[in-house]
Structures are given as C-alpha cells and as structure tokens.
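First comes the structure, then the notes that go with it.
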Protein chains: 2
Amino acid sequence: MSDDEMITIWMRPERVRRSGPGRRPGYSREQITGVAVRIADAEGVQAATMRRIAAELGTGAMSLYVYVPKRDDLLDLMIDMVMAEVELPDRPGGGWRSDLSLVAHQTRVTGLRHPWLVPLIGSRPTLGPQLLRVNEFALGALDGLGLGIDDITGLVGMLNDYVHGAIRREIGWLEEARRTGLDPERWRRDYVGPYVRQVVEAGTYPLFSRSVLESRTALLTPEERFRHGLDRVLRGIGAQLPTGAPPHTPARPAPDT
Amino acid sequence: MSDDEMITIWMRPERVRRSGPGRRPGYSREQITGVAVRIADAEGVQAATMRRIAAELGTGAMSLYVYVPKRDDLLDLMIDMVMAEVELPDRPGGGWRSDLSLVAHQTRVTGLRHPWLVPLIGSRPTLGPQLLRVNEFALGALDGLGLGIDDITGLVGMLNDYVHGAIRREIGWLEEARRTGLDPERWRRDYVGPYVRQVVEAGTYPLFSRSVLESRTALLTPEERFRHGLDRVLRGIGAQLPTGAPPHTPARPAPDT
DNA sequence: TCCGTTTCCAGTACGTTGTACGTAATTGGA
DNA sequence: TCCAATTACGTACAACGTACTGGAAACGGA
C-alpha cells in the first residue's frame with residue numbers, strides 16, 4: 001500500500017531524510033500546523049486557508065503540499081497539536097476523582113483557548129497520539145477499581161461527552177459572532193438576546209423560559225458552572241463503582257518508561 | 001432593526017403575502033430545505049451547495065436567495081427540519097425514565113438517518129422551534145420531581161451530551177469514508193483497521209489496547225450498546241433525584257392547548 | 001384596459017477556495 | 001561533473017457563495 005493511498009495522516013509520518021540527494025526541506029509539518037493553529041485561534045478555522053498559511057510563512061500555497069497531503073489532514077494535525085496542551089502527569093495516581101477532574105479542567109481550558117477545537121473534533125473523529133495519550137490517562141484513572149474495561153471506556157466516554165458539551169455551551173455563538181465581525185458580548189445582547197426574549201415572552205416553552213428566567217447558575221462564573229456539572233457527572237460515576245474498591249491502585253504494572 | 005440585519009434566521013420568518021402586487025413565489029423555504037436535506041443525506045452536507053440545490057429544483061442558484069438569506073441560515077433550517085422527525089407525545093407522562101429514554105432513542109434514530117446532523121449541530125448551536133420542542137419535552141420529564149430548574153437543565157444537558165456523543169461514535173468515520181468514495185465497511189477495514197492495529201501492537205497505550213482487544217460490547221448490536229450507555233446515564237440521573245419523589249406528576253399545570 | 005409597483009426568476013460576474021501540473025532551483029552521491 | 005532526488009512555487013482549473021442586473025409576472029388603482 002503506497003503512501004498516496006494512506007488515508008489517515010497518522011499512517012503517513014513526515015518524511016525524514018538524514019542524508020541523500022535532494023534539496024533540504026525549508027519548512028516542517030509542525031511549523032505549518034503551528035501557523036494554522038495561530039490563524040484559527042485569531043480568526044477562526046475557516047481563515048486558515050492554504051494560501052493564508054503559506055503567505056504567513058512567506059512562501060507559496062503549493063509548497064505546503066510537500067509536508068501535508070491535503071487540507072483535511074492539516075485539520076487533524078491541528079487537533080493533535082493543541083491536545084498536547086492538556087497537561088497531565090505521566091500516569092494517574094491522585095485518586096480517580098481528582099484524576100478525572102484534572103483531565104476535565106485541562107481539556108476545558110484547552111478548548112476555550114482554541115474555540116475551534118471541540119466543534120472540529122466533533123465533526124472529524126481523529127485518533128492522533130496526543131488524543132490517545134489523554135484518553136489513556138482518563139482510562140487509567142478508573143483502572144484497578146474492579147471495573148471491566150468496557151465499563152471503564154463507557155464511563156470515560158460519558159465524562160468526555162459532558163466535557164465537550166459543556167465547552168460547546170460555554171463557547172456558544174462565539175464563532176458566528178466572529179463571522180459577522182461583532183464582538184461576542186454585543187452579538188449576544190443584540191441578536192441572541194432579542195430572540196430568546198421573544199421565545200420566553202411567547203410562553204410556548206414554559207420550562208425553557210424558567211431555565212432562562214429563574215436560573216441561579218447563570219450568575220456563577222463559567223468555571224463554577226462547569227465544576228457543578230462536572231460534580232454531577234463524577235457523582236454519577238462514583239455511584240457506579242464497585243463498593244469497597246481500592247482508592248486508586250492500578251491493577252496492572254505501569255507501562256515501561 | 002431591518003430584516004437585513006437580523007442575524008438569526010428565526011427572527012426572519014419567510015415572507016408570507018396573501019395578496020398584493022408582485023409575482024407569486026414558485027418555491028418555498030420548506031421545499032428548498034427539503035431538497036438540501038435529501039442531498040446531504042445522500043452525499044454529505046458539503047454536497048448541498050446552492051447551485052446543486054437549485055439545479056435539483058430546476059432553477060438558478062440565485063433564485064434561492066429570495067427564500068433564504070445565506071447558506072449558513074439554510075443549515076439552521078436543515079437542522080430544525082430533521083429535528084421534527086423526533087417523534088414525541090405532546091407532553092411527557094410515562095415516568096421520567098421512559099420519557100427520557102424515548103427522547104434518547106428518537107434522537108438517535110434521527111441522528112443516524114441524517115449523519116450530518118450531530119456534527120453540524122455541534123459546530124453551530126441553533127435554537128429552532130423543533131429543537132426547543134424536544135428540549136421542552138426532556139425538561140418536562142424531570143419536572144415535578146422536586147428538582148430545581150437548574151438541576152433539571154443540568155441533568156438534561158448531561159443526557160443530551162451522552163446521546164450526541166454516542167451518535168458520533170456510532171457514525172464514526174462515515175463522513176470521511178464517503179468523501180473518499182469508499183463504502184464505510186471497506187474503509188474501516190482497510191484504513192482505520194490497520195492504524196488501530198498498529199497502535200495496539202505498539203503497546204504504547206495499554207488500556208486503549210485492552211478496550212479494543214477485550215471489548216465485549218463490541219460484539220453487541222449498536223442499538224444494544226447505545227442502551228447500555230444510556231442506562232448508565234439514567235442510573236446516574238436516578239441517583240441524583242430527591243428521595244421519595246412522586247413518579248411523574250408535573251408540578252405545574254400543562255401549557256394551554 | 002392599461003399602468004405602475006412590487007416581487008420573483010435567473011444569467012453574468014467577482015473574489016476565493018483546494019489542489020493538479022509543470023518547471024526551476026537546490027542538494028548529495030557516483 | 002553530472003545524475004537523481006527533492007523542494008519551491010507560479011499557473012491554471014473547477015467549484016464555491018453571493019452581489020448585481022435586467023426581465024418577467026402579478027396585482028391594485030386609474
């Protein structure tokens with residue numbers, strides 16, 4: 001199977017040539033990905049076009065294709081690059097609750113720092129090394145508590161779903177606000193606000209209205225709101241652990257270092 | 001505030017003119033949205049271009065702009081149109097567990113019927129009437145059990161996060177398989193398979209490897225797998241209900257009919 | 001009946017996108 | 001010194017969203 005037919009980027013590592021003929025590469029995957037991430041952070045992922053990235057590097061668009069097969073692959077590389085910002089110890093060991101809490105909070109700050117991350121990950125499932133690393137840490141947090149592997153993956157998946165959903169709620173209409181060139185606060189006030197008010201006043205959805213009008217958590221900081229939801233999920237997880245389980249001892253020896 | 005400045009489509013209802021001068025409209029928002037949904041179902045949302053939709057209707061691309069302000073608005077309309085397929089009774093009343101289970105399963109089949117739905121909803125939060133309707137039903141399922149409104153929205157959010165995540169996992173690489181023109185099963189076997197096998201054999205992520213090799217739920221049907229995860233979430237919700245709550249009586253009178 | 005006003009239809013055109021292709025430039029090894 | 005390999009990048013093409021424009025159609029009032 002030739003490299004050209006390798007669909008996933010993770011089976012097509014960057015060409016590394018220590019010696020031999022041919023011009024020396026002037027750029028790199030990591031450099032290109034870094035520029036793409038910076039543009040996406042500032043102006044949204046749709047602004048990170050091949051031409052724009054190349055211009056930022058002072059070269060032509062087609063030069064990027066030496067390092068990246070297609071733009072879609074670059075998106076996968078971007079996802080994995082920012083997943084590296086999720087700071088975790090080599091292995092879990094603080095007790096399952098604080099371990100999972102750490103993953104959740106780290107993922108949240110990363111997702112807020114790069115508002116395009118979670119929406120993108122949602123529409124393009126990828127299994128880059130950094131994502132696998134974070135996943136492995138979360139799985140490890142629940143290992144050795146007497147759970148089967150399927151329960152572990154299920155519970156971690158549930159936690160992951162909450163974290164992604166919460167980040168999405170927190171990001172909200174950020175992307176669309178940017179698309180229209182308005183600052184997010186003004187956008188919320190002038191456009192989302194009137195619509196929600198209209199829906200509330202119409203009274204068609206009474207519980208939705210109550211959730212807007214009588215909300216107390218709306219007064220909390222986003223971080224506190226996130227922790228409340230996280231506590232709920234962690235309580236749910238805790239309720240499904242085998243009773244009398246050891247606090248955090250792994251059942252298997254740690255992987256070789 | 002003129003219509004031109006209304007950013008959200010839900011504040012710009014379709015122009016309805018019962019009489020007066022002017023040519024009679026030959027198409028409609030619903031008709032256009034329907035064609036777009038059909039194309040997206042068959043070939044992915046990126047195939048539902050303005051030109052393509054118009055051609056399917058036997059007209060020019062620019063004619064669509066009489067009914068839809070921008071393509072992005074059409075995406076919101078598509079989301080809401082398929083959300084209408086989530087079949088629910090007028091109001092909950094089967095007990096919170098079966099009510100929520102109903103929403104979950106209905107959402108799942110809808111998400112599978114339109115694989116672009118969940119990824120799209122994830123990258124573009126919208127509050128169309130059909131989505132509000134489904135949300136209201138879910139909120140109603142937990143009303144009258146002694147929970148505050150914030151707890152209700154939190155728990156419903158948690159459930160919703162799981163359902164969306166589960167659908168995403170089930171859809172998997174469907175979209176990318178289609179992009180490459182291969183059928184999904186062949187794609188999984190020839191591309192995803194080798195990569196996962198390589199990761200597993202490298203042994204870098206032992207728990208991930210176990211989750212692949214020792215999984216028993218992988219042998220279940222997707223529907224059973226979904227129900228298992230759903231049961232976990234519902235157990236988590238049940239564990240957080242006030243004790244001795246009435247089974248399903250709403251605390252407030254039903255909305256006017 | 002005719003006209004003016006309003007609305008819809010649709011062709012043309014512009015700027016932008018991803019990327020296939022071809023050519024020039026650069027390098028190490030024979 | 002020449003060859004083979006590799007990178008750099010301008011050109012080109014099809015397809016995209018959509019602004020603009022002129023023409024067609026339908027009604028109310030004259």
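To find a chain, count down the sequence lines: A is the first, B the second, and so on, and within it residues start at 1.
- For Ile53(A) and dT19(C), the CD1 to P distance is 11 Å, given to the nearest whole Å.
- Considering only residues two or more places apart in sequence or on other chains, Arg38(B) meets the side chain to side chain contact (heavy atoms under 4.5 Å, CB included) condition with Val35(B), Glu56(B).
- Considering Asp80(A), Asp76(A), Asp73(A) as possible partners of Arg124(A), the one that fulfils the salt bridge (charged side-chain N to carboxylate O under 4.0 Å, His left out) test is Asp76(A).
- A donor-acceptor pair under 3.5 Å is formed between the side chain of Tyr195(B) and the backbone N or O of Leu127(A).
- Nearer to the 5' terminus of DNA chain D, by closest-nucleotide assignment, is the contact made by Gly58(A) (compared with the other of Ala61(B) and Gly58(A)).
- The pair Asp161(A)-Arg168(B) fails the salt-bridge criterion, with no side-chain N (NZ, NE, NH1 or NH2) lying under 4.0 Å from an Asp/Glu carboxylate O.
- The stretch residues 32-43 of chain A does not touch DNA chain C, since none of its heavy atoms comes less than 4.0 Å from the strand.
- Contacts of residues 116-126 of chain A with DNA chain C (heavy atom under 4.0 Å): none.
- Of all nucleotides in DNA chain D having an atom under 4.0 Å from a heavy atom of chain B, the first and last in 5' to 3' order are dC16(D) to dC27(D).
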Response to the item:
Contact string for nucleotides 22-30 of chain C, one letter per nucleotide 5' to 3', B = base within protein heavy-atom range under 4.0 Å, S = sugar-phosphate only, - = neither, reads ---BBBB--

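- Between Leu102(B) and Phe137(B), the shortest heavy-atom distance links the atoms CD2-CZ, 4.4 Å.
- Nearest-nucleotide positions on DNA chain D place Arg51(A) closer to the 5' end than the other of Arg51(B) and Arg51(A).
- With sequence neighbours excluded, the residues satisfying side chain to side chain donor-acceptor pair (under 3.5 Å) with Glu43(B) are Arg52(B).
- Residues forming a side chain to side chain donor-acceptor pair (under 3.5 Å) with Thr126(B) (at least two apart in sequence, or on another chain): Trp10(B).
- For Arg133(A), the side chain to side chain donor-acceptor pair (under 3.5 Å) partners at least two apart in sequence or on another chain are Gln130(A).
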Fill in: ring pair (Phe, Tyr, Trp, His ring centres under 6.0 Å) between Tyr162(B) and Phe226(B), worked out
CA-CA 10 Å; Tyr162(B) 164 74; Phe226(B) 177 76; 5.7 Å; yes

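- The stretch residues 63-80 of chain B comes close to DNA chain C through Ser63(B), Val66(B), Tyr67(B), each having a heavy atom under 4.0 Å from the strand.
- Just one of Val200(A), Thr204(A), Val199(A), Val196(A) meets the side chain to side chain contact (heavy atoms under 4.5 Å, CB included) condition when paired with Ser209(A); it is Val200(A).
- The side chain to side chain contact (heavy atoms under 4.5 Å, CB included) check on Glu85(A) picks up Val82(A), Thr110(A), Arg113(A), His114(A), with sequence neighbours excluded.
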Show me, pair by pair, the donor-acceptor contacts under 3.5 angstrom made by side chains of residues 115-123 of chain B, not counting sequence neighbours?
{"residue": "Trp116(B)", "atom": "NE1", "partner": "Asp41(B)", "partner atom": "OD1", "Å": "2.7"}
{"residue": "Ser123(B)", "atom": "OG", "partner": "Pro119(B)", "partner atom": "O", "Å": "3.4"}
{"residue": "Ser123(B)", "atom": "OG", "partner": "Leu120(B)", "partner atom": "O", "Å": "3.2"}

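- Between Pro222(A) and Glu170(A), the shortest heavy-atom contact is CB-OE2, 3.2 Å.
- Side-chain N or O atoms of Arg51(B) include none that pairs as donor or acceptor with a backbone N or O of Ala61(B) at under 3.5 Å.
- If you check every strand for non-hydrogen atoms under 4.0 Å, Arg15(B) touches sugar and phosphate atoms only.
- Partners of Ser63(B) according to the side chain to side chain donor-acceptor pair (under 3.5 Å) rule, which considers only residues two or more places apart in sequence or in another chain, are Thr59(B).
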